[in-house]
Trainee: 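One structure is given below, represented as structure tokens, and several questions about it will come after.
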Amino acid sequence: TPHRGAPKALNVLVNGVGKGPFQFRNATEVLRAWPGVYELLPRYPAIQDESVDQEAPVARYPHELPQLGQPAMDAYRMHQTIEDAWNDMPRSGPEMVPLVGWSHRTLSAAFLDRNGLRVEKASPAWIDLSGREQDFGDGTVPAFSALPIEMSGTALSTFRVKERHGELANVSGVIDWVRDAVGLAPLGPIRGSETKDRCIGLELDEFYEPDTPFKVRVDVSSVDVTDVHGVWVTISGGGRSPIEQRASLDGDRLIVEVDGLPVGMYDVTVDATGIPFSDDQRIHDSFAVVTGQEDEAGS
């Protein structure tokens with residue numbers, strides 16, 4: 001993953017790394033020099049180009065943007081080479097078993113106008129998602145982009161898991177699936193995700209500005225959030241005591257308002273209890289509170 005690319009890479013390459021007024025120019029320059037970052041670009045027309053005619057936008061691939069240049073085209077051709085080689089294999093060849101995070105709002109579509117490129121957590125309406133419109137992603141990779149090319153048309157529900165991108169390797173049963181595949185006894189019962197239809201989703205940025213209030217947002221898919229018994233958010237790290245707060249209703253979502261935090265790394269845990277027709281659930285992730293000072297110093 002991402003088998004079909006991630007608009008997050010597009011955002012980094014075009015708009016750079018940073019948050020608000022704090023831009024990490026050195027990190028941006030390094031990433032723009034790595035071919036591997038271009039290889040993470042979407043392999044689908046993820047950009048709605050409104051720069052010429054807002055009334056008649058054109059869907060574009062990232063490698064069609066002049067500012068991304070030859071590295072983007074080279075990356076696109078590399079994926080074409082891999083796809084061609086895979087299609088030449090007999091169908092008795094390797095089997096792909098993807099794990100798809102789907103309940104977390106994710107950068108999924110880009111819009112280009114005369115002011116520049118903006119990447120949003122919205123489904124690209126100009127692409128046929130085949131009933132997958134409510135499958136958001138894992139916070140980094142859109143759900144529809146996590147499915148291998150050769151599995152086009154396969155139902156995502158078979159492979160849905162609740163974890164966010166960084167936690168996918170820790171999905172229950174992954175180690176046992178691998179042990180079973182190589183002929184070793186599983187450590188426990190082989191099982192997939194228990195959350196095919198009802199799952200909590202965490203919306204969290206990677207960076208926040210210091211001493212600036214922000215909100216942690218939680219979704220509960222396929223369920224009226226008012227029917228959920230309770231959702232608690234715990235934030236720890238930064239050399240301070242953990243913050244634990246019950247989420248409150250905000251429209252059809254749940255939120256926790258966080259006072260400004262000092263610079264540092266933080267872990268987030270979301271616990272949801274009393275979800276109708278589902279077990280209690282827990283989601284982990286992390287974020288950083290940063291300034292631009294490190295970049296200015298050249299570190």
Side-chain angles (χ1 to χ4, degrees), residues 1-20 28 31-32 37-69 71-73 75-76 79 98 100-149 151-156 159-160 164-165 199 201-207 215 217-219 221 251-253 285:
T1 187
H3 294 286
R4 302 168 195 253
K8 178 179 178 181
L10 175 63
N11 191 47
V12 167
L13 288 171
V14 175
N15 296 323
V17 183
K19 178 70 174 179
T28 298
L31 291 175
R32 286 174 175 166
V37 180
Y38 292 88
E39 292 162 7
L40 295 172
L41 286 169
R43 296 184 59 200
Y44 57 92
I47 305 163
Q48 181 163 278
D49 186 353
E50 305 168 350
S51 60
V52 177
D53 188 346
Q54 191 172 8
E55 300 301 322
V58 177
R60 298 195 184 281
Y61 289 84
H63 64 267
E64 295 179 308
L65 295 183
Q67 59 264 51
L68 293 180
M73 177 58 76
Y76 184 74
H79 282 293
V100 179
W102 66 283
S103 60
H104 312 281
R105 298 184 188 237
T106 303
L107 294 175
S108 300
F111 301 85
L112 180 66
D113 58 26
R114 294 173 184 175
N115 295 318
L117 183 82
R118 66 186 189 278
V119 185
E120 298 183 357
K121 297 175 182 177
S123 295
W126 55 95
I127 295 177
D128 181 11
L129 299 180
S130 302
R132 299 168 180 167
E133 295 85 354
Q134 298 306 311
D135 286 326
F136 298 133
D138 62 21
T140 296
V141 178
F144 62 83
S145 194
L147 198 66
I149 298 292
M151 296 181 69
S152 297
T154 304
L156 280 180
F159 309 105
R160 283 175 170 171
R164 284 172 63 84
H165 187 77
C199 189
L202 170 61
E203 184 174 1
L204 186 74
D205 291 343
E206 289 181 303
F207 305 115
K215 295 180 181 179
R217 295 177 172 87
V218 179
D219 295 289
S221 60
D252 60 350
R253 309 179 71 187
D285 211 334

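As the structure is a prediction and not an experimental result, all values here were calculated from the model. Below, each value reflects all heavy atoms present in this structure, side chains not excepted, and no hydrogens, waters or symmetry copies.
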Trainee: Who are the ring pair (Phe, Tyr, Trp, His ring centres under 6.0 Å) partners of F144, not counting sequence neighbours?
Mentor: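 For F144, the residues satisfying ring pair (Phe, Tyr, Trp, His ring centres under 6.0 Å) (neighbours in sequence not counted) are Y44.
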Trainee: Judged by atom type as modelled, is there a donor-acceptor pair below 3.5 Å linking the side chain of R32 to the main-chain atoms of L13?
Mentor: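 Such a contact is found between R32 side chain and L13 backbone.
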Trainee: Rounded to the nearest 0.5 Å, how far does CG of D113 lie from CZ of R118?
Mentor: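 Here the interatomic distance stands at 5.5 Å.
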Trainee: Can you list the residues that meet the salt bridge (charged side-chain N to carboxylate O under 4.0 Å, His left out) rule with R217, with sequence neighbours excluded?
Mentor: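 Expected list: none.
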Trainee: At their closest point, which heavy atom of H3 faces which heavy atom of L147, and how far apart are they?
Mentor: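 Closest approach of H3 to L147, heavy atoms only: CB-O, 3.7 Å.
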Trainee: Quick one: side-chain contact (heavy atoms from CB on, under 4.5 Å) partners of V119, sequence neighbours excluded?
Mentor: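 Scan of V119 (side-chain contact (heavy atoms from CB on, under 4.5 Å), adjacent residues dropped) gives P7, N11, L107, A110, L117.
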Trainee: Mind checking what makes side-chain contact (heavy atoms from CB on, under 4.5 Å) contact with A146, not counting sequence neighbours?
Mentor: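 Here the qualifying residues are T1, V100, V141.
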Trainee: Which value, rounded to the nearest 0.5 Å, describes the distance between L129 atom CG and D135 atom CG?
Mentor: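 Reported to 0.5 Å precision, the distance equals 9.0 Å.
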Trainee: Locate the shortest heavy-atom distance separating E50 from P57; write the atom from each residue and the value.
Mentor: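 So the two residues come closest at CG-CB, 3.9 Å.
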Trainee: Before accepting this row, confirm whether a basic side-chain N of the pair D138/K8 lies closer than 4.0 Å to the acidic partner's carboxylate O.
Mentor: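 Answer for the salt bridge query: no.
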Trainee: Only one of K121, R105, K215 forms a salt bridge (Lys or Arg N to Asp or Glu O under 4.0 Å) with D205, so which one is it?
Mentor: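 Result: among K121, R105, K215, K121 is the only option passing the salt bridge (Lys or Arg N to Asp or Glu O under 4.0 Å) with D205.
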Trainee: Quick one: closest heavy-atom pair of S152 and I149, and the distance?
Mentor: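 For S152 and I149, the tightest heavy-atom pair comes out as OG-O, 2.7 Å.
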Trainee: If every non-hydrogen atom of P148 is compared with every non-hydrogen atom of R4, which pair is closest and at what distance?
Mentor: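 Result for this residue pair: O-NH2, 3.1 Å.
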Trainee: Test your reading of the model: is there a side-chain donor-acceptor pair from S108 to the backbone of S123, 3.5 Å cut-off?
Mentor: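 No: the side chain of S108 does not pair with the backbone of S123.
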Trainee: For G139 versus T106, what's the shortest heavy-atom pair and its separation?
Mentor: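 Looks like N-OG1, 2.8 Å.
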Trainee: Flag yes if more than 12 heavy atoms outside Q67 fall under 6.0 Å of its CD atom; otherwise flag no.
Mentor: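 More than 12 within 6.0 Å, yes.
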Trainee: Could you list the residues that satisfy ring pair (Phe, Tyr, Trp, His ring centres under 6.0 Å) with H63, not counting sequence neighbours?
Mentor: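 If we apply the ring pair (Phe, Tyr, Trp, His ring centres under 6.0 Å) test to H63, skipping adjacent residues, the hits are Y61, Y76.
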Trainee: With rounding to the nearest 0.5 angstrom, report the SG to NE2 distance, C199 to H104.
Mentor: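 So the SG of C199 and the NE2 of H104 are separated by 5.5 Å.
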Trainee: Within the 4.5 Å heavy-atom criterion, are P2 and L40 side-chain neighbours or not?
Mentor: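 In contact.
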Trainee: Is there side-chain contact between V58 and V52, with heavy atoms separated by less than 4.5 Å?
Mentor: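 Not touching, per the 4.5 Å side-chain cut-off.
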Trainee: With sequence neighbours left out, write down each residue that passes side chain to side chain donor-acceptor pair (under 3.5 Å) with T28, or none if nothing qualifies.
Mentor: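 Side chain to side chain donor-acceptor pair (under 3.5 Å) check on T28 returns nothing, list empty.
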Trainee: What's the separation between atom CZ in R60 and atom CG in L112, rounded to the nearest 0.5 Å?
Mentor: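 If we round to the nearest 0.5 Å, R60:CZ and L112:CG are 8.0 Å apart.
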Trainee: Roughly how far, to the nearest 0.5 Å, is the CZ atom of R164 from the CG atom of L204?
Mentor: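 L204 CG to R164 CZ: 5.5 Å, rounded to 0.5 Å.
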Trainee: Tell me the closest heavy-atom pair linking A46 and W126, and the distance in Å.
Mentor: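 Shortest heavy-atom contact: O-CZ2, 3.3 Å.
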Trainee: Rounded to the nearest 0.5 Å, what's the gap from CD on E64 to CG on D49? Could you check?
Mentor: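 Separation between the atoms: 9.0 Å.
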